[in-house]
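For reference, the structure is listed below as structure tokens.
Values in this document were obtained by computation on a predicted structure and should not be read as measured data. Reckoned from all heavy atoms, side chains included, excluding hydrogens, waters and symmetry mates. So that the names make sense, note that chain A is the first sequence line, chain B the second, and so on, each numbered from 1.
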Amino acid sequence: MSASEPSPAWRLVGTDGDGEIAVVELDGAGAEISRAGVTSGGLIELARTHTDDVRWVWSDTARWYPPLLAAGARVRRVHDLRAVRAILRTAESVPESARLPTHAAWSAPAAWEEAPDSREALFEVETIAARDAPSDLASGHREFAAQLAALDAASGRLRLLAVAESTGALVAAEMRAAGLPWDVATHTRLLDETLGERVGGSRRHVDAAAAAVRTALDDPDVALDSPPRLLRALHRAGLAVSSTSKWELEDLDHPVVAPLLAYKRLMRLLTANGENWIATWVRGGRFRPVYVPSGVVTGRWASSGGGALQIPRSLRPAVRADPGWLLVSADVAQLEPRVLAGMSRDRAMARAAAGTDLYAGIVSTGVVTTRQEAKIAVLGAMYGATTGDSGRLVPRLRRAFPAAMRLVDDAAVAGEEGRVVSTWLGRTSPSAGSAFTRSQFEASLDETDAATEKQARRRARDRGRFTRNYVVQGTAAEWALCWLAETRRSLLALTAPGAEAAASGPAQSGAPHIAFFLHDEIIVHTPAELADQVAAIVTDAAARAGRLMFGEFPIDFPLDVRIAPDAGKP
DNA sequence: TGTGTTCGCGCG
DNA sequence: ACCGCGCGAACACA
């Protein structure tokens with residue numbers, strides 16, 4: 001948010017009264033400097049030639065950016081009105097006086113206001129909001145002015161979040177346009193190795209596992225794909241299980257266990273990522289999912305189509321660079337406890353995180369004796385575990401890292417009491433739903449019964465675990481967004497010192513591009529000769545993200561970086 | 001025949 | 001059992 005300058009600070013694009021595209025240059029305060037109508041070709045030309053630091057403003061990146069990308073044009077910086085509005089509408093750090101006005105066209109439908117505890121309603125609203133974000137100039141200008149005022153009145157951290165969120169929207173569109181390089185031959189080979197070769201309409205190893213299950217159960221007709229019928233078959237065989245789930249079967253000592261688990265594993269791969277998946281989702285050597293930035297309430301990304309965020313690790317070798325290109329794969333170890341240390345300013349925890357292995361660092365403080373115990377304790381602290389090994393170990397963590405634990409414990413109490421919580425940069429959790437509120441009210445009445453009280457306590461605990469995890473998962477998502485944005489910025493600077501290079505799309509110009517992003521992991525597809533520089537950029541971006549988020553507080557974000565033709569892990 | 005729910009499992 | 005997701009298959013029901 002720069003001060004008023006003679007040159008334009010913002011470039012608002014939208015449609016005019018006739019549905020034609022117009023571009024308005026705005027000064028730092030958001031006041032109009034000039035206005036011009038353009039054709040769609042003219043807009044592309046504008047994006048190609050204007051590689052300055054003027055920030056584009058538009059209603060929705062998913063609406064405006066794909067055509068530019070298809071024409072090989074990219075923009076450097078953007079303010080995405082839809083994405084920023086979603087943050088500002090609920091952010092606690094925006095004072096009441098600066099809250100966004102409810103414009104009919106932007107606001108959520110009544111269904112959402114009335115049923116805030118319905119995940120389905122939320123999904124509907126987000127879908128409608130994305131489709132219906134008004135793209136006309138007048139709405140955009142009015143909305144932008146309101147957002148600038150709200151951001152001015154909010155914290156600097158929320159302004160950082162608005163920028164990071166908008167940049168994330170750019171990356172999501174760019175990743176879809178570029179696609180993830182996917183080698184069908186490798187994928188097919190992995191399927192053949194794991195599932196066995198095709199026999200008729202089936203697979204050899206799948207058939208063998210199914211036959212072994214039927215033998216072990218002495219039941220030639222057992223239905224393996226129907227949980228209820230399989231459960232009855234297990235009961236007939238004398239197995240005392242309440243479900244057919246993997247974790248329950250693992251503990252049993254019975255000859256059916258091994259082949260049944262194998263069958264489940266193979267069938268999962270076949271149905272989720274078999275030939276059908278390849279035929280549906282891979283075209284021209286690229287997997288192109290739709291990424292949905294902030295599709296998760298915590299601010300994490302979601303995806304739509306092809307299960308982009310659930311690609312099994314066993315198929316990672318099918319992510320394969322083009323000839324002459326390489327993949328730089330980087331992920332950060334134990335991201336969530338590291339951001340917890342940063343946001344709680346817990347110096348003891350930061351010291352434990354100083355090496356590359358936070359869990360080993362915790363062991364060396366003496367609070368637990370093994371790495372596995374450290375891991376279970378930390379995950380339990382962030383998820384709100386109360387029972388088992390995890391619940392038993394958490395109190396030790398509370399003594400060793402009081403500041404960190406107080407932060408998550410406070411978040412849990414807030415949730416149990418029906419309050420909202422916010423991430424480090426200021427994304428605020430959804431408010432308690434009507435079912436929660438009604439339940440707590442009914443339990444508070446004099447004539448309440450034990451069942452109602454029990455139900456209310458359970459709902460309170462459930463919401464407490466959600467808000468406890470929200471602050472950590474959401475802040476981790478913010479760190480990752482900063483990392484992504486810093487990586488993108490440096491990659492652009494690496495290959496686009498002049499206007500010409502920036503004018504070309506990534507694949508056409510031979511420039512490195514972000515090909516995949518998954519919570520705490522980035523994959524860059526790059527010409528081989530630039531791979532070392534890209535690895536340095538990704539590493540440096542992680543350090544920058546840490547400073548953007550937590551200033552000089554000494555918390556490390558060490559990366560595992562791998563340069564290879566494929567994205568498999570050795 | 002189509003629609004919505006539940007289970008189970010992949011990812012972090 | 002302790003957070004957040006997407007997706008496919010089976011199934012209940014219209």
Test: E193(A) and R189(A) ion pair at under 4.0 Å: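 Judged by the 4.0 Å cut-off on N to carboxylate O distance, E193(A) and R189(A) do form a salt bridge.
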To the nearest 0.5 angstrom, please state how far the CG atom of L191(A) sits from the CZ atom of R198(A).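 The CG atom of L191(A) sits 8.5 Å away from the CZ atom of R198(A).
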Atom pair distance, as rounded to whole Å: [atom1] in [X] and [atom2] in [N]:
| X | N | atom1 | atom2 | answer |
| --- | --- | --- | --- | --- |
| E416(A) | dC3(C) | CD | P | 13 Å |
| L340(A) | dC3(C) | CG | P | 17 Å |
| L518(A) | dC5(C) | CG | P | 15 Å |
| R461(A) | dA1(C) | CZ | C1' | 13 Å |
| R265(A) | dC9(B) | CZ | C1' | 13 Å |
| Q473(A) | dG4(C) | CD | P | 8 Å |

With the criterion being N/O to N/O and under 3.5 Å, what pairs connect the protein with nucleotides 11-14 of chain C, and how long is each?
from	atom 1	to	atom 2	distance (Å)
dC11(C)	OP1	S226(A)	OG	2.4
dC11(C)	OP1	R229(A)	NE	3.3
dC11(C)	OP2	R229(A)	NH2	3.3

Which heavy atom of R338(A) sits nearest a heavy atom of T356(A), and at what distance?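 That closest heavy-atom pairing would be NH2-O, 3.5 Å.
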W301(A) vs H519(A), test: ring pair (Phe, Tyr, Trp, His ring centres under 6.0 Å). Steps then yes/no. CA-CA 7 Å; W301(A) 288 21; H519(A) 308 321; 9.2 Å; no
Compare the ring of Y383(A) with the six-membered ring in the base of dC3(C) and state whether they stack (centres under 5.5 Å, planes under 30°).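 Stacking is present between dC3(C) and Y383(A), given that their ring centres fall under 5.5 Å apart and the planes under 30°.
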Between [X] and [Y], does any side-chain donor sit less than 3.5 Å from a side-chain acceptor?
| X | Y | value |
| --- | --- | --- |
| T387(A) | R392(A) | no |
| D207(A) | Y263(A) | no |
| E521(A) | S329(A) | no |

Does R232(A) have any side-chain hydrogen bond (donor to acceptor under 3.5 Å, both in side chains) partners at least two apart in sequence or in another chain, and if so, which?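 For R232(A), no residue satisfies side-chain hydrogen bond (donor to acceptor under 3.5 Å, both in side chains) once neighbours in sequence are set aside.
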For [X], which residues count as a ring-ring contact (aromatic ring centres under 6.0 Å, His included) partner, sequence neighbours excluded?
| X | value |
| --- | --- |
| F550(A) | W424(A) |
| Y383(A) | none |
| H205(A) | none |
| F557(A) | W479(A) |

Options dC3(C), dG8(B), dC2(C), nucleotide nearest the side-chain atoms of S390(A):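 So the side chain of S390(A) is nearest to dC2(C).
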Stems in DNA chain B: runs of 3 or more consecutive Watson-Crick or G-U pairs, distances under 3.5 Å?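 So the stems come out as B:1-12 with C:3-14.
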For nucleotides 7-9 of chain C, print each protein N/O atom paired with a nucleotide N/O atom at under 3.5 Å, atom names and distance only.
from	atom 1	to	atom 2	distance (Å)
dC7(C)	OP1	G305(A)	N	2.4

Side chain to side chain contact (heavy atoms under 4.5 Å, CB included) involving R468(A) - partner list, sequence neighbours excluded: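 So R468(A) forms a side chain to side chain contact (heavy atoms under 4.5 Å, CB included) with V408(A), D409(A), A412(A).
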For A83(A), which residues count as a side chain to side chain contact (heavy atoms under 4.5 Å, CB included) partner, sequence neighbours excluded?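 For A83(A), the residues satisfying side chain to side chain contact (heavy atoms under 4.5 Å, CB included) (neighbours in sequence not counted) are D80(A), E165(A).
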Just by modelled atom types, is the W182(A) backbone N or O under 3.5 Å from a matching donor or acceptor in the R320(A) side chain?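 Answer holds: no.
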Counting distance only, does the side-chain N/O of E336(A) pair as donor-acceptor with the main-chain N or O of V472(A) below 3.5 Å?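 Not confirmed, E336(A) side chain does not pair with V472(A) backbone.
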Counting any heavy atom closer than 4.0 Å, what does I311(A) reach on the DNA or RNA strands: base, sugar-phosphate only, or nothing?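 Sugar-phosphate contact only.
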Is T387(A) near enough to dC2(C) that one of its side-chain N or O atoms lies under 4.0 angstrom from OP1 or OP2?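 T387(A) to dC2(C) OP1/OP2: side-chain N or O found under 4.0 Å.
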Which parts of residues 474-486 of chain A get close to DNA chain B, meaning a heavy atom less than 4.0 angstrom away?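 Those residues: none at all.
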Residue-level proximity of residues 237-254 of chain A to DNA chain C when a heavy atom falls under 4.0 Å: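 Listed by number, they are W247(A).
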